[in-house]
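Excluded from the calculations below are hydrogen atoms, water molecules and symmetry mates; all remaining heavy atoms, backbone and side chain alike, are included.
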Amino acid sequence: MKAQGFRALLASKTLAAGRKAGYWLDILKYVAVAVAAAIVTLAAVNLTPEPSVIRTIVPHRFDAADPQFVQSMSSYSQGQISGQNAVQTLVNGDEIFPAMLQAIGTARSSIDMETYIYWSGSVGYQFATALAAKAREGVEVRVLVDWLGSLPFDENLIHIMTGAGVRFQRYRPVYWYTLDRVNNRTHRKLLIVDGRVAFTGGVGIADNWLGDARNPNEWRDTHYRIEGPSVGAFQAAFAENWLETAGETLQGEKFYPPPEPAGALGAQLVLSSQPNGSEDMELTMLAAIAAAKDHLRIGMAYFVPDEIALQQILDARKRGVAVDVIVPNSLTDVPIVRKGSRHFWGELLEAGVRIYEFQPTMYHPKLLIVDDVWASFGSTNLDERSLRLNDEASLNVYGRDFAQTQIDLFNEDLKRSRQISLAEWQARPLTEKVTDWLASKLHTQL
């Protein structure tokens with residue numbers, strides 16, 4: 001009897017333990033389902049861009065040389081056009097970095113820098129020490145870097161700056177309460193000194209841009225130095241993202257001194273901002289393409305136009321506009337973007353669009369030239385990530401002399417590029433066609 005009682009007691013305890021284990025297993029299942037649902041929801045929120053409000057191409061009503069074009073662009077973008085600006089073109093790291101560091105060295109009151117990429121290396125160290133030196137002199141120095149773009153960043157560089165009094169912030173770091181915005185980054189490249197000199201273009205703070213684009217280790221890029229009334233718009237663009245990140249409002253003549261004439265160029269800074277405001281950038285690009293009469297030149301590090309932009313370019317070809325496009329070759333830093341881009345080339349090539357791949361190194365400019373009167377440059381690529389997800393900044397410049405300098409630079413890049421024919425595109429191996437097609441399905445993220 002005792003043995004039977006013991007066995008019964010043991011069986012009862014085993015059954016209870018089994019029920020308890022089953023209960024906790026059910027709980028774990030529910031938790032796993034909830035976690036999986038949360039991950040899927042966050043992925044959907046981040047990977048699904050807001051529906052575009054632009055559903056059709058911009059019709060061709062007038063040419064870029066028509067005064068109506070200037071008036072319309074100002075209305076489209078909410079970016080006021082200011083006159084009497086001067087813009088200096090800086091080609092590759094050999095010209096770009098010395099000019100930026102020289103401007104930092106002359107600062108008297110404020111330096112504000114915003115960038116997507118700030119990586120470790122000699123360039124990162126030069127900028128960190130230069131900014132720290134000005135902070136020790138009493139200049140107010142603010143540095144805003146994108147959290148994602150600056151991940152390969154030596155913390156010692158941050159200590160060099162913050163130890164000297166530089167106010168350093170990362171844009172949209174990832175916390176549990178910011179997971180719904182992890183895919184919305186700042187891609188802007190801005191440097192504003194004393195509210196009077198601004199820089200923008202494609203360059204990040206990294207050794208990749210050193211040199212003169214002579215080999216694969218020296219990226220090809222263009223940056224621009226701006227003086228004149230339009231600099232106030234650059235300061236306001238920085239202030240927008242700084243307010244979100246640091247909670248500080250930038251006010252007064254230290255940041256917005258009375259504008260002074262510096263040249264003869266009309267200029268207009270256009271911004272895209274998330275979660276709202278990306279339509280302005282997209283509309284100005286489409287409207288510029290729509291205004292082309294003779295020649296459209298596109299130089300883009302990442303060229304993955306959506307369906308509307310694709311049709312806008314094709315519409316230009318139907319009007320007889322010559323279209324030249326320069327993109328990176330296999331030396332690109334993001335191969336999936338090149339593959340996604342190539343999938344769409346067939347329709348463009350069939351229409352007579354000339355597509356070239358830059359050969360010596362990674363091609364990183366973001367340049368759009370309409371005829372010989374208008375040019376746009378900055379951080380914005382002709383892809384959905386720039387036009388729908390990132391915070392971007394591009395300067396539109398009106399003036400034939402300036403446009404000619406950009407055409408000359410574009411033509412120099414053409415000499416170092418290889419044209420892709422329709423026959424070559426059609427003859428790609430089947431594996432490349434399939435992988436290009438698969439990559440194109442990610443177009444909203446490229």
Side-chain angles (χ1 to χ4, degrees), residues 60-91 95-96 99 189-190 192 196-202 221-235 237 259-271 280-281 283-300 316 321-324 326 365-380 382 392-414:
H60 175 73
R61 302 292 189 211
F62 37 73
D63 302 334
D66 193 312
Q68 295 182 80
F69 173 70
V70 180
Q71 295 168 5
S72 296
M73 291 292 274
S74 180
S75 300
Y76 291 153
S77 68
Q78 304 178 39
Q80 293 302 309
I81 299 172
S82 62
Q84 300 181 310
N85 296 283
V87 181
Q88 178 186 1
T89 305
L90 304 168
V91 182
E95 293 184 2
I96 296 166
K189 284 90 172 174
L190 307 173
I192 307 99
R196 295 201 177 277
V197 177
F199 290 82
T200 194
D221 216 334
T222 314
H223 225 61
Y224 300 83
R225 184 184 189 275
I226 302 101
E227 292 183 276
S230 66
V231 173
F234 284 88
Q235 185 70 75
E260 296 180 355
L265 294 174
Q268 168 193 34
L269 186 67
V270 181
L271 305 177
D280 293 343
M281 185 72 77
L283 185 55
T284 55
M285 274 199 170
L286 297 179
I289 296 171
K293 175 186 177 183
D294 300 312
H295 206 147
L296 180 65
R297 297 171 175 88
I298 302 170
M300 290 288 161
V321 176
V323 181
D324 290 314
I326 302 178
K366 301 94 168 57
L367 179 65
L368 178 63
I369 312 169
V370 177
D371 296 334
D372 60 351
V373 298
W374 184 92
S376 181
F377 54 82
S379 65
T380 312
L382 189 49
E392 305 279 8
S394 287
L395 190 70
N396 300 336
V397 177
Y398 302 78
R400 291 183 183 275
D401 289 343
F402 179 80
Q404 189 59 54
T405 67
Q406 304 311 297
I407 292 170
D408 292 342
L409 184 58
F410 188 91
N411 289 338
E412 286 300 313
D413 286 337
L414 278 181

Note to self: Could you tell me if the side chain of Thr284 sits less than 4.5 Å from the side chain of Asp280, heavy atoms only?
What the structure shows: no
Margin query: side-chain contact (heavy atoms from CB on, under 4.5 Å), that's the test. Do Ile192 and Val231 meet it? Break it down for me.
Written below: CA-CA 8 Å; Ile192 307 99; Val231 173; 4.1 Å; yes
Note to self: I'd like to know if the side chain of Asp371 and the backbone of Val373 have a donor-acceptor N/O pair within less than 3.5 Å.
What the structure shows: no
Next item on the list: Quick one: sort the Phe69 and Phe62 rings into parallel, tilted or perpendicular, breaks at 30° and 60°.
Entry: perpendicular
Checklist line | Separation between CD1 of Ile81 and CD of Gln268, rounded to the nearest 0.5 Å | finding: 4.5 Å
Next item on the list: May I have the step-by-step check of side-chain contact (heavy atoms from CB on, under 4.5 Å) for Val91 and Leu409, ending in yes or no?
Entry: CA-CA 9 Å; Val91 182; Leu409 184 58; 3.9 Å; yes
Item checked: Separation of Leu269 CG from Ile226 CD1 (nearest 0.5 Å) -> 8.5 Å
Notebook entry, point to check: Between His295 and Asp324, does any side-chain donor sit less than 3.5 Å from a side-chain acceptor?
Noted result: yes
Note to self: Looking at Arg400, is its backbone amide N or carbonyl O close enough to the side chain of Asp372 to form a donor-acceptor pair, meaning the two atoms are under 3.5 Å apart?
What the structure shows: no
Next item on the list: Using atom types as modelled and distance alone, determine if a side-chain donor or acceptor of Asn85 lies under 3.5 Å from a backbone N or O of Ser230.
Entry: yes
Next item on the list: For residues Gln84 and Pro229, report the shortest heavy-atom separation together with the two atoms involved.
Entry: O-CD, 3.5 Å
Notebook entry, point to check: Any idea which heavy atoms bring Met281 and Val270 closest together, and the distance?
Noted result: CE-O, 3.2 Å
Check: Is there a donor-acceptor contact under 3.5 Å from the side chain of Ser74 to the main chain of Gln71?
Finding: no
Note to self: side-chain contact (heavy atoms from CB on, under 4.5 Å) for Val197 and Arg225? Distances and angles first, verdict last.
What the structure shows: CA-CA 7 Å; Val197 177; Arg225 184 184 189 275; 3.7 Å; yes
Check: Is it true that the side chains of Gln406 and Thr89 contain a donor and an acceptor less than 3.5 Å apart?
Finding: yes
Item checked: CD1-OG distance between Ile298 and Ser376, expressed to the nearest 0.5 angstrom -> 11.5 Å
Notebook entry, point to check: Atom OH in Tyr224, atom NZ in Lys189: separation rounded to 0.5 Å?
Noted result: 13.5 Å
Check: Can you name the nearest heavy-atom pair linking Gly378 to Thr200, along with the distance?
Finding: CA-OG1, 4.1 Å
Checklist line | Stepwise side-chain contact (heavy atoms from CB on, under 4.5 Å) check, Ile96 with Thr222 | finding: CA-CA 8 Å; Ile96 296 166; Thr222 314; 5.8 Å; no
Margin query: Quick check for you: to the nearest 0.5 Å, what is the distance between Leu265 atom CG and Tyr398 atom OH?
Written below: 12.0 Å
Notebook entry, point to check: Considering residues, nucleotides and ligands other than Asp401, do more than 12 of their heavy atoms fall under 6.0 Å from its CG?
Noted result: no
Next item on the list: Please round to the nearest 0.5 Å and tell me the distance separating atom CG of Leu414 and atom CZ of Arg297.
Entry: 8.5 Å
Item checked: Closest non-hydrogen atom pair, Leu368 against Ala288 -> CD2-CB, 4.3 Å
Next item on the list: Please report the shortest heavy-atom distance between Ala262 and Ala86, naming the atom on each side.
Entry: O-CB, 3.4 Å
Check: Which atom pair, heavy atoms only, marks the closest approach of Ala99 to Leu90?
Finding: CB-CD1, 3.7 Å
